[in-house]
Participant: 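Sharing a structure, written as C-alpha cells. Questions coming.
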Amino acid sequence: MDTTTVVTNLTIDWHLAERTEDGRRLAATIAEQMPALDPWPTLATALRPDGPLDPTERHHLLTLLLELGRTEPLALRALLQGLLPGLLGLARRFDWGFGGPWGSPGQLVLELHELAYFVVGSWAGQHRPYAAGDILSAVRCRARRQLEAHREQRRVEVGLDLSLAEHPTALGMASTDEVLLGLAATSLPQVDATVVAGRLALGLTWAELEASLGQSRRRLEARLRAGARQLLDDRHLSSVAIEPGQAR
C-alpha cells in the first residue's frame, strides 16, 4: 500500500467518525473549551496545518484532545489525525522506510500511526503543554529501535562487521543484478566495497557509515561514486543488451 492510499484512507475514516454522534459530542465539548472559535469549524478543518487555528491554538487543541482521551476515546482518534502531518515528517526522516523492516513507505506510515496510537493511549488524560512534540518524539524513538533491531539482525545473519569487511559477496541479499555484480566485485578497494554494500544492500545511513569508517560524508560519497564507476565498466555492461534507438 502506498503512502497516498494510507493517508487518504485515514482521512476518510476520520471524516466518517466525525459525523457520528460521538463525533458531534466531542466537537461540542471542544467548542465549550475554545469559545473564541465561533462558528466552530469541523475538527478535520481545525486540525489541518493550514486551518483556521494559529500554531498556539492548534497546540492547545492537541493538548486538550489528549486530556479528553481518558473519557472520550474518539478524542484520541482526532489527536492522531491532527498528528498525521508530523507522522509523515517522521516517515521522511526515516527515508520512507529504506533499509528498514517496513517493506514500503505506506507500511512505514501505518506503523508510525499504530505506534502513535499506543503512545496516546498510554498518556490519555495527561496534561502535556507540548503534547504534539512529546508524542512524535516518543514515536520516533520507538521506530528508531525497530530500525536498529532490524539492521542488527541483518548484520548477524550475514556476519557483517563493517570495520573488517573484506568480501562484499557476503551480502547476497541484494535485489538487482547491478548490486549483485557490485557485491561480487572483490577487485573493489575494501572501503569502497564497504560503502557500496552498506548503502545499497543494508540501507545504512551516511551517519552510520561515517561512524563506522571514520570518514566524512563527502569522502564516502566519492568512494560510492568510484565503486559505481568500477562496477559499471565495459565488462559488466557487455552483458546488457541494448536495442538500436534505446541509448540516450
Side-chain angles (χ1 to χ4, degrees), residues 1-94 96-97 102 105-147:
M1 187 178 294
D2 61 54
T3 304
T4 301
T5 301
V6 171
V7 172
T8 300
N9 288 346
L10 290 173
T11 303
I12 291 174
D13 175 74
W14 170 246
H15 278 293
L16 293 175
E18 190 170 20
R19 293 188 176 97
T20 65
E21 183 178 346
D22 288 343
R24 290 192 292 271
R25 185 175 64 250
L26 175 63
T29 300
I30 295 173
E32 293 176 358
Q33 300 284 336
M34 301 181 69
L37 283 174
D38 185 27
W40 176 253
T42 64
L43 270 177
T45 300
L47 290 168
R48 283 168 35 193
D50 59 347
L53 303 182
D54 63 36
T56 300
E57 291 172 328
R58 190 165 181 272
H59 280 296
H60 175 65
L61 174 56
L62 295 175
T63 296
L64 177 60
L65 288 171
L66 183 61
E67 293 176 2
L68 293 174
R70 185 173 61 85
T71 56
E72 295 279 354
L74 195 59
L76 299 182
R77 179 63 185 85
L79 175 57
L80 290 178
Q81 193 64 27
L83 290 173
L84 188 54
L87 295 177
L88 292 174
L90 283 183
R92 190 177 300 108
R93 290 182 61 179
F94 280 100
W96 298 107
W102 304 290
Q107 289 179 7
L108 170 58
V109 174
L110 279 176
E111 179 63 22
L112 294 174
H113 191 269
E114 291 179 7
L115 290 173
Y117 191 84
F118 174 80
V119 172
V120 299
S122 301
W123 294 356
Q126 296 183 18
H127 174 74
R128 288 177 173 264
Y130 304 101
D134 291 347
I135 294 166
L136 292 175
S137 179
V139 171
R140 179 183 57 79
C141 290
R142 285 165 171 76
R144 171 61 64 182
R145 286 197 292 269
Q146 289 185 1
L147 179 60

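Everything numeric here is computed off the predicted structure, so don't read it as measured data.
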Participant: In Å, rounded to the nearest 0.5 Å, how long is the span from CG of Leu136 to SG of Cys141?
Facilitator: 11.0 Å

Participant: Any side-chain hydrogen bond (donor to acceptor under 3.5 Å, both in side chains) involving residues 126-135? Give me the pairs, sequence neighbours left out, ordered by first then second residue.
Facilitator: Glu67-His127, Gln126-Arg128, Arg128-Asp134

Participant: Report yes if some heavy atom in the side chain of Trp14 is under 4.5 Å from a heavy atom in the side chain of Leu10; otherwise report no.
Facilitator: no

Participant: Tell me which one of Leu62, Leu87, Leu83 satisfies side chain to side chain contact (heavy atoms under 4.5 Å, CB included) with Ile135.
Facilitator: Leu83

Participant: Going by heavy atoms in the side chains, are Leu65 and Ile30 under 4.5 Å from each other?
Facilitator: yes

Participant: Is it true that a side-chain atom of Arg24 and a backbone atom of Glu18 form a donor plus acceptor pair closer than 3.5 Å?
Facilitator: no

Participant: Thr4 and Asp2: which non-hydrogen atoms are nearest, and at how many Å?
Facilitator: N-OD1, 3.1 Å

Participant: Are any non-hydrogen side-chain atoms of Leu108 and Thr3 less than 4.5 angstrom apart?
Facilitator: no

Participant: Taking side chain to side chain contact (heavy atoms under 4.5 Å, CB included) as the definition, give me every residue that meets it alongside Ala124, ordered by chain and number, with sequence neighbours left out.
Facilitator: Leu76

Participant: Check for a donor-acceptor pair, side chain of Arg58 on one end and backbone N or O of Gly82 on the other, with a separation under 3.5 Å.
Facilitator: yes

Participant: What distance do Leu74 atom CG and Glu21 atom CD have between them, rounded to the nearest 0.5 Å?
Facilitator: 11.5 Å

Participant: Which pairs would a plain distance check flag for residues 45-53, meaning a side-chain donor or acceptor within less than 3.5 Å of a matching protein atom at least two apart in sequence or in another chain?
Facilitator:
unit_1 : atom_1 : unit_2 : atom_2 : d
Thr45  : OG1    : Thr42  : OG1    : 2.8
Arg48  : NE     : Asp50  : OD1    : 2.9
Arg48  : NH2    : Asp50  : OD1    : 3.3
Arg48  : NH2    : Asp50  : OD2    : 3.3

Participant: Who pairs with Asp54 by salt bridge (charged side-chain N to carboxylate O under 4.0 Å, His left out), at least two apart in sequence or on another chain?
Facilitator: none

Participant: Give a yes or no on whether the backbone of Gly133 and the side-chain of Ser137 come within a donor-acceptor separation of less than 3.5 Å.
Facilitator: no

Participant: Find out whether His59 and Thr56 are in side-chain contact, i.e. whether some heavy atom of one side chain is under 4.5 Å from a heavy atom of the other.
Facilitator: no

Participant: Between atom CZ of Phe94 and atom CZ of Arg140, what is the distance when rounded to the nearest 0.5 Å?
Facilitator: 7.0 Å

Participant: Just list the side-chain donor-acceptor pairs under 3.5 Å for residues 109-117, sequence neighbours left out, or say none.
Facilitator:
unit_1 : atom_1 : unit_2 : atom_2 : d
Glu111 : OE2    : Gln146 : NE2    : 2.8

Participant: Please, which pairs that meet salt bridge (charged side-chain N to carboxylate O under 4.0 Å, His left out) have at least one residue in residues 68-91, sequence neighbours excluded?
Facilitator: Asp13-Arg77, Arg25-Glu72

